[in-house]
Amino acid sequence: MKYQFGNDIIDANFSGFQQLLKEFYERKRRPLCLCTDPGIELYIAKVNDSYILKRMPKTGGLHSPVCMSFEPPEELSGLGEVQGQAIQENLEDGTTNLKLDFSLTKIPGKAPPAPSGADSDSVRTDGKKLTLRGLLHYLFEEARLNYWNTEIPRRNWFNVRKALLNASDSKIAKRASLTDNLYIPELFDDKKTREITARRNEKLAHMNTGKNSQSLMILIGIVKEISEARYDYKMVVKHCPDFHFMMNKDLHKRIYKRFQEDLELWGINETSQLITISTFTRGTSGVANLEEVSLMVVNEQWIPYENIYEFQLISEMIAEKRPFIKGLRYNLDRKKPLSSLVDLNTLPEPTAMYIIPPAQSHTYRESVDNLIQQSDYLGWIWEAEMAMPELPTHKTQIEEKDE
C-alpha cells in the first residue's frame, strides 16, 4: 500500500514509516491513501508509543475494496446504522467511543437482561447503541476477520485472539478502556498452566463485589460445551478448561430458545466453531456467572455465517480462490435483507451477493432488488430453493446491470 506524505509517495513497508508518522502527527498534517485516484485523506492516531493510520469518519466506502481502510457501504453491512452514533471516532486522540446497550455493572436485586444478539418479538434494542452481537461484529470487522483472500495465513485461536485484542485497543466503553473490560482466553498450554492462571486472575482481579454494585466483564471465547453442572448449568470455553462459566436454569433455557439456529449449525459441522460474547460477574468465591449471552457460528477460516446456504456459498468462494468480504449485521434483525458477501474477484466493480432463503415472501425479493438498484455495486442473487447459480463474472454482471 502506498501513501502520499506532502509531495512524497511512501510505501507502507518503508523502514522509516513510524518516524514519518510521528512527524506528521506532531505537525497535525494528514497523508493521503493512494488506493484510488486522486487519494483519500487519512488521519494519524497515537496508540501507546506507536503511530497508526486511520480512515476519516464516513470515508470507508471511498477506499478501494482491497484497501485496509475500506468499509462496505450501508446496504452491505449493518455498520451504517450504528456508525457515528454507537461508534464515535475522536480525530484528536485516535480513540473510538462505543455506546453499549448492555450493562457492565450489576445492581443487587435487579433482574438480569435477556440474551441479546438474536431476533426478538419485542422492541428492546436501542439502534443507537451496540448489542453484544453488534460489538462482536464490530471487533471482527475492525480485525478484518470477515475478509478472506488466498494471501491470508491460516487462522488459529492465537492470531484470532491477537487480532481481536488489537481491534479493541483505543476503544472506550462506559468511560473505560474496552480492552481492560475484555477477557479473551489465551491459547492454552498445559506446560504453562500456572502462568496462564496467574495472568487470568490478575486480569479479573478488579471484579470485586461492592456494596451497591458489581463489575461485569465481557468474555469472547470458543464454546466447547453447554451442559448441566452439579448445580445449575455451565458453559465450558476452550483454552480455559479449568475455569467454567456458570448460568442458572432460566438463562440456559433462553439460550437454547433464542439461539436454536446457531446451535443447530454448530452441531452439524465439526469444522465450525461457536463463538460466544457474554457478560459475566465474579463473586467472592471466584466463580464466574454469566449474565447476558450472544452466540455466533464461524467456519474453519473463522468467517461468520448465518445459515447453511451462506456456509455453502462461502465454501464455494474459498474453493474457487475468490477474495470476498462477509457482510455483518451488527444490530440488524435477521429478517431484514442484507448482502451475504461482497465478491472482490470482479474488481474494479465489486459484486454484492444476496441469498434469498426458502419460504421468504415476495416482498423480501423486492427488497433485495431495490438494494441492488440503489447500490453502486453489481448484484448477484441466489434463491436458495434452487441450485446455486454460477458465480459472477465481471463482464456478465455489467451487461445485466446495463440492461
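Everything quoted here is computed from the prediction, not taken from an experiment.
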>> If the test is side-chain hydrogen bond (donor to acceptor under 3.5 Å, both in side chains), which one of K192, R199, R161 qualifies with E186?
In response: R199

Does [X] reach the main-chain N or O of [Y] with its side chain, forming a donor-acceptor pair under 3.5 Å?
| X | Y | value |
| --- | --- | --- |
| W266 | E270 | no |
| N299 | I303 | yes |
| W380 | D343 | no |

Do you know which two heavy atoms are closest between [X] and [Y], and how far apart they sit?
| X | Y | result |
| --- | --- | --- |
| Y305 | E310 | CA-OE1, 3.4 Å |
| G94 | S170 | O-OG, 3.7 Å |
| M217 | H206 | SD-CE1, 3.4 Å |

Quick one about [Y] and [X] (side-chain donor to acceptor, distance below 3.5 Å, no hydrogens or angles considered), yes or no?
| X | Y | result |
| --- | --- | --- |
| E291 | T279 | no |
| S340 | Y309 | no |
| N149 | E151 | no |
| S168 | T179 | yes |
| D169 | N166 | no |
| T351 | T346 | yes |
| Y330 | E141 | yes |
| S278 | T276 | yes |
| Q260 | E264 | yes |
| Q273 | K238 | yes |
| N331 | T131 | yes |

Could you tell me whether [X] and [Y] have a side-chain N and a carboxylate O separated by less than 4.0 Å?
| X | Y | answer |
| --- | --- | --- |
| K249 | D232 | no |
| R329 | E306 | yes |
| D180 | K174 | no |
| E142 | R55 | yes |
| D333 | R133 | no |
| E383 | R365 | yes |
| E81 | K128 | no |

> Atom CZ of F259 and atom CG of L295: how far apart are they, to the nearest 0.5 Å?
Replying inline: 5.0 Å

> Nearest 0.5 Å, what's the CD1-CD1 distance between I218 and I277?
Replying inline: 6.0 Å

>> Against F24, only a single residue in Y3, Y51, F5 fulfils ring pair (Phe, Tyr, Trp, His ring centres under 6.0 Å); can you say which?
In response: F5

> Should we say atom CZ of R27 is surrounded by more than 12 heavy atoms from elsewhere, each under 6.0 Å from it?
Replying inline: yes

>> Using the rule given for ring-ring contact (aromatic ring centres under 6.0 Å, His included), can you reason through H252 versus Y233, listing the C-alpha separation, both sets of side-chain angles and the distance that settles it, and then say yes or no?
In response: CA-CA 7 Å; H252 178 265; Y233 295 85; 3.8 Å; yes

> Under 4.5 Å between any side-chain heavy atoms of T96 and K54, yes or no?
Replying inline: yes

